[in-house]
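Notes for the one structure printed next.
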Amino acid sequence: MKLTAVFIISIIAAVIFLLWRVDYLSAKWDNAKLLINTRDNTINELNKSIEKLASLKRDNDKAQVIHQQQLTKTTERLNIKNKQLQRLTHENEMLRDWFNSGLPPDVIRLRQRPAINGASDYRKWLSERDSLPVSGPESIH
C-alpha cells in the first residue's frame with residue numbers, strides 16, 4: 001500500500017508538473033503568436049511603405065524626364081537667342097563701321113546746295129539743278 005501511495009503521489013506530482021508545463025508552454029505559444037502578428041503587421045506596413053516609395057520614385061523619374069526635356073528645349077532656345085544676339089551685334093558693328101565711314105563723293109555732291117534766301121533763289125536752284133542741256137534749236141514759248 002505504501003508503494004501504491006507513493007506511486008499515486010508521483011503520478012499526481014507528474015500530472016501537476018505536466019499541467020504547469022502545459023500552462024507555461026501555452027503562455028509561450030500565445031506570446032509567439034502575438035509576436036508573429038506584430039511582425040506580420042510590421043511587414044505589411046513596410047510593404048505599403050515600399051509601394052508608396054516605388055510610386056514616388058516612378059513619379060519622380062517622370063518629373064525628371066519632363067524637366068530634362070524642358071531644360072533641353074530651354075537650352076536650345078537660349079543657344080538660338082545667343083546666336084541671334086551675336087549676329088545682331090556683328091550686324092551692328094558693320095552698321096557702325098559704315099556709319100562712321102565717310103559718304104561717297106557722289107552722295108556728298110548730291111547733298112551740296114547753295115545758300116537759299118527766299119523763294120526765287122529756291123526756284124532758280126531747282127531749275128538749274130539736274131537740268132539737261134538743250135540739243136536742238138531753242139523753242140520759244
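The shown structure was predicted, so the numbers you read here are calculated from the model rather than taken from an experiment. One-based numbering along the sequence shown.
- Rounding to the nearest 0.5 Å gives a distance of 9.0 Å between NZ of Lys28 and CZ of Arg21.
- Summarising the geometry, atom CD1 belonging to Ile11 is positioned 11.0 Å from atom CG belonging to Leu18; distances are rounded to the nearest 0.5 Å.
- Once rounded to the nearest 0.5 Å, the distance linking CG of Asn79 with CD of Glu76 reads 8.0 Å.
- One distance of note links CG of Leu25 with CG of Asn31; it measures 11.5 Å at 0.5 Å rounding.
- In this structure the side chain of His67 never reaches within 4.5 angstrom of the side chain of Leu71, judged on heavy atoms.
- Each of Ile16 and Phe7 belongs to its own hydrophobic cluster when Ile, Leu, Val, Met, Phe, Trp and Tyr are linked at side-chain heavy-atom distances under 4.5 angstrom.
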So Ser26 and Asp30, side-chain contact (heavy atoms from CB on, under 4.5 Å) or not? Walk me through it. CA-CA 6 Å; Ser26 176; Asp30 290 340; 4.2 Å; yes
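- Ring-plane geometry between Tyr24 and Trp20 is classed as parallel, the angle between the planes falling under 30 degrees on a 0 to 90 degree scale with a further cut at 60.
- Asp23 places no side-chain N or O within 3.5 Å of a backbone atom of Leu19 that could act as its donor or acceptor partner.
- Distance check: Lys83 NZ to Leu88 CG gives 14.0 Å after rounding to the nearest 0.5 Å.
- Within a 6.0 Å radius of CZ in Arg87, other residues, nucleotides and ligands contribute more than 12 heavy atoms.
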Please list every donor-acceptor pair under 3.5 Å in which a side-chain atom of residues 41-59 meets a protein atom from a residue at least two apart or in another chain.
from	atom 1	to	atom 2	distance (Å)
Asn41	ND2	Asn37	O	3.4
Thr42	OG1	Thr38	O	2.9
Asn44	ND2	Asp40	O	3.3
Asn47	ND2	Ile43	O	3.4
Ser49	OG	Glu45	O	3.0
Lys57	NZ	Asp61	OD2	2.9

